2 protein chains.
Amino acid sequence: MSIERTSAGDPARTLALLWPDAAAGRRRGPERGLKLDAVVVAANRLADREGLEAVTMRRLAKELHVAAMTLYTYVPGKAELLDLMLDAAYAEMPRRDTTGAPWRDRLLAVAEENRILFDAHPWAATISTLRPPLGPGLMAKYEHELSALAGIGLDDVDCDDALTHLLSFVQASARASADARAARQESAMNDEQWWAANASLLAQILDPLAYPLATRIGTAAGVEYGSAHDPDHAYQFGLQLVLDGLAALVDGKAVKG
Amino acid sequence: MSIERTSAGDPARTLALLWPDAAAGRRRGPERGLKLDAVVVAANRLADREGLEAVTMRRLAKELHVAAMTLYTYVPGKAELLDLMLDAAYAEMPRRDTTGAPWRDRLLAVAEENRILFDAHPWAATISTLRPPLGPGLMAKYEHELSALAGIGLDDVDCDDALTHLLSFVQASARASADARAARQESAMNDEQWWAANASLLAQILDPLAYPLATRIGTAAGVEYGSAHDPDHAYQFGLQLVLDGLAALVDGKAVKG
DNA sequence: CTATACGTCGTACAGTGTACGGTGTACGGG
DNA sequence: CCCGTACACCGTACACTGTACGACGTATAG
C-alpha cells in the first residue's frame, strides 16, 4: 500500500475513532493491553524520529511490544491510523491569540504556527489533506485559524479560500524542506555537494549559447543558495508574496464593500 | 522502494542518459531489441493511463514484451527512469512566444503551460523536483520560462525566486487535483458523496456552539463546492493572488530602481 | 578460432498491508 | 456454578515491490 492521503477509510469508522465515546462500559474478553492513544503517540514518535515510511504495522507493533496483527484490534487499518496521527498533531499545535492585531500580523502568526507543526512533524507535510481528518484536532485548528481571518471584510467563502491558499503555501514549503532532508539522508549527499557535482558535469556537456538565460540565472541562483533551490529562503520570499496577494484581495473587497 | 523524487540516482550516470552521445559506435554482443526512447515513452503512456504507481518494472516490462530484468540493461534503476520520464514530459510542453505582451499575461501563459503539462501527465505533479532532472527538456523549459520573466526589472536571483514561487503554486494545485482523482477512484466515492456522508455524521457528534466559525464557514464552503475543497476553484482563486503578490514585488523594484 | 563484452532473463530475497483462522480469557445468562 | 460467547492476541500466508546474482547465448575484436 502507499496511502499518503487522509480519510481513505470508511467515514463512519474513522469518525467513531476520532470522537471516542466516553461512556464506554467494560466489554467481554480479556482486558486490552494498550490504549488507542498510546498506539497513536507511538506512531507519531516513530514518524518524527525516522520518517513516515518507517511507520509500518510490524515496526510500530515491535515498538509497542505486541505482534503486528494485534494493532488491528485497535485500528481497522493503516489508513485510519494515519487520520488519528494527523489529528493528534493538529491538536497539540500552538495557537496564539492575536485578537486586535493588524490582519497581516494575525495571518503571519497562523503561518508560523503551521510552520512549527511541520517542523515538529515533517511527515505531516507530505500527506494530502484534501479530505481532512474531521477530528477534534482539526476542528480546533480550523476554528482558531478562521478567527484570525474574521472581521477582515471577506465573506464566508472568500475566508475559506484565503485560508486554504495560505495553508497550502505553508504546506508546499514544508514539503520541500522535508524532501530536502530526505534527499540528504538517502543520497548521502547534501544539496551543495549535489549541485557541485552536477554543475561541473553539466559545464562539459552544455552549450551556454543555447541556453543563455538558464546558464546565467541558474548559476546565479545556484551560487547564492549553494543548490538549485533553498527551501527556507523560498518560504520567507513566498510568504511575503502570499500576504501581498491577500492584501490585494482584502483591499479590493474593502473598496467594493 | 518509494522514490517520488527526481535525481535520486548517480549524477554522472543520469546525465549520461539524459544527454545521449550521438557518436555511438556499434557495441559488442547481440543487437538491442529496444531503444531507450521506447522504454521512456511506454513508461509515460502507462503512467498517464493508470497512474505512477502502476509503473512497476514488471508491468512496464510486460508492456514492452520483455522480461523485467531486461529493463536494467537500458536503465540503471527506477530512479533514473523517473528522471527520463519527467524530462521527456518537459520536452514536449507547449511554449507560447509572448514577447512584447504585458508581464502579467506572460506569466499567465507560463502558468497555463504548466497546467497543461500536469493535465496531460498528472503523475508529474506528485514528484518532488527539488533536484530537477537536468536534461534537455528541463533546460528548454527553464530557458523559455525565464525569457517570460526577463525585462520586468528583477535581478537574476529575484527572477529565479519569482519563477520558483509561481511554478510551486501551479504544481501544488495540480497535485491537489491529482489527489482528488486518485481519491475518487480508490474510494469509489466522489468528493460530493464523501462530503455528504461526513456532514451528516458530524452533525450528530459536533456541538456547533463549540466551533461556531468552523461550522458556519465550513458548511458555506462545503455547500458552495460540494466538498471540503474544490481544486479547480482553488487554482483560479490562487493564481490571481500569486500574480497580485508578484505585482507587489515588481512594482516595489520599479520604484527602487 | 577464441576470448571477451554484452543482451536477455529466471530465480531469489527482504520488505509491505492485511485476510484468515486458531487459541486463550473474562463476562453474561441459566 | 458453568458454559456459550464475544473478544484480545497473534502465527502464517498471499500478492506485490525493486533489484542482486548468475546462467546462457551472441556478435565482435584480436
Side-chain angles (χ1 to χ4, degrees), chain A residues 1-6 8-10 13-14 17 24-36 38-39 42-43 46-47 50-85 123 186-187, chain B residues 1-6 8-10 13 16-17 24-36 38-39 42-43 46-47 50-85 123 186-187:
Chain A
M1 209 201 309
S2 166
I3 326 166
E4 295 202 340
R5 187 184 319 124
T6 49
D10 174 44
R13 299 221 41 177
T14 306
L17 287 168
R26 181 90 171 79
R27 332 210 308 189
R28 281 203 207 172
E31 207 169 354
R32 318 195 65 149
L34 297 169
K35 284 176 182 162
L36 178 55
V39 174
L46 183 53
E50 306 185 27
L52 194 55
E53 70 280 358
V55 182
T56 69
M57 299 306 266
R58 282 173 245 263
R59 181 88 162 74
L60 177 58
K62 183 169 285 185
E63 214 80 9
L64 290 162
H65 304 104
V66 296
M69 293 310 294
T70 300
L71 293 179
Y72 288 89
T73 66
Y74 292 86
V75 158
K78 206 186 175 184
E80 289 80 2
L81 177 61
L82 202 61
D83 281 36
L84 294 173
M85 290 173 66
W123 50 270
E186 287 173 33
S187 74
Chain B
M1 210 201 308
S2 168
I3 327 165
E4 295 202 340
R5 187 183 319 125
T6 50
D10 173 44
R13 301 221 40 177
L17 288 167
R26 182 89 171 78
R27 331 207 312 189
R28 281 199 209 176
E31 208 170 352
R32 319 197 65 154
L34 297 169
K35 284 176 182 161
L36 177 56
V39 175
L46 183 54
E50 306 185 28
L52 195 56
E53 72 279 359
V55 182
T56 69
M57 298 306 265
R58 281 173 246 262
R59 182 89 162 74
L60 178 57
K62 182 168 284 181
E63 213 81 9
L64 290 162
H65 304 104
V66 295
M69 291 311 293
T70 301
L71 293 179
Y72 287 88
T73 66
Y74 292 87
V75 157
K78 206 186 177 185
E80 290 81 1
L81 176 60
L82 202 61
D83 281 36
L84 294 173
M85 290 173 65
W123 51 270
E186 286 174 33
S187 73

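Below, chain A is the first sequence line, B the second, and so on; all start at residue 1. In this text the structure is predicted, and so the values were computed from the model without any measurement. Basis for what follows: all heavy atoms, side chains included, without hydrogens, waters or symmetry-related copies.
- Counting heavy atoms from C-beta outward, Leu60(A) and Leu64(A) have side chains that approach closer than 4.5 Å.
- Across all strands, Thr73(B) comes closer than 4.0 Å to base atoms (heavy-atom distances).
- Of the candidates dG18(D), dC10(D), dG17(C), dG18(D) carries the atom nearest the Thr56(B) side chain, counting heavy atoms from C-beta on.
- Residue Leu34(A) contributes atom CG, which lies 7 Å from atom P of dC9(D) at whole-angstrom precision.
- Checking each of Thr14(A), Leu17(A), Val39(A), Thr6(A) against Leu84(A) for a side-chain contact (heavy atoms from CB on, under 4.5 Å) leaves exactly one that passes, namely Leu17(A).
- Atom pair Leu52(B):CG and dG18(D):P shows a separation of 10 Å (rounding to whole Å applied).
- The NZ atom of Lys62(B) sits 12.0 Å away from atom CG of Leu46(B), with the distance rounded to the nearest 0.5 Å.
- In terms of position along DNA chain C, the nucleotide closest to Arg32(B) lies nearer the 5' end than the nucleotide closest to the other residue of the pair Arg32(B) and Arg58(B).
- Side-chain atoms of Ala67(B) lie closest to dG10(C) of the nucleotides dG10(C), dC10(D), dC9(D).
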Polar pairs (N or O, both sides) under 3.5 Å between protein and nucleotides 24-30 of chain D?
residue	atom	partner	partner atom	Å
dA27(D)	O4'	Gly29(B)	O	3.4
dA29(D)	O4'	Arg28(B)	NH2	3.4

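- Comparing Glu53(B) and His65(A), the nucleotide of DNA chain D nearest to each residue sits closer to the 5' end for His65(A).
- Between dG7(C) and Thr70(B), no contact under 4.0 Å exists linking OP1 or OP2 to a side-chain N or O.
- Separation of atoms CZ (Arg58(B)) and CE (Met69(B)) is listed at 9.0 Å; rounding is to 0.5 Å.
- With rounding to whole Å, Glu80(A) atom CD is found 13 Å from dG17(C) atom P.
- Contact check for Leu52(B) versus Leu82(B): side-chain heavy atoms found under the 4.5 Å cut-off.
- Rounded to an integer number of Å, the gap from Arg59(A) CZ to dG15(C) C1' is 13 Å.
- Arg59(B) CZ to Glu50(B) CD: the interatomic distance, rounded to the nearest 0.5 Å, is 4.0 Å.
- Checking the phosphate oxygens (OP1, OP2) of dT8(C), a side-chain nitrogen or oxygen of Tyr74(B) falls inside 4.0 Å.
- Between Tyr72(A) atom OH and dG11(D) atom P there is a gap of 15 Å when expressed in whole angstrom units.
- Within 6.0 Å of CZ on Arg13(A) lie no more than 12 heavy atoms contributed by other residues, nucleotides or ligands.
- As rounded to whole Å, 15 Å separates atom C1' of dG17(C) from atom CD of Glu4(A).
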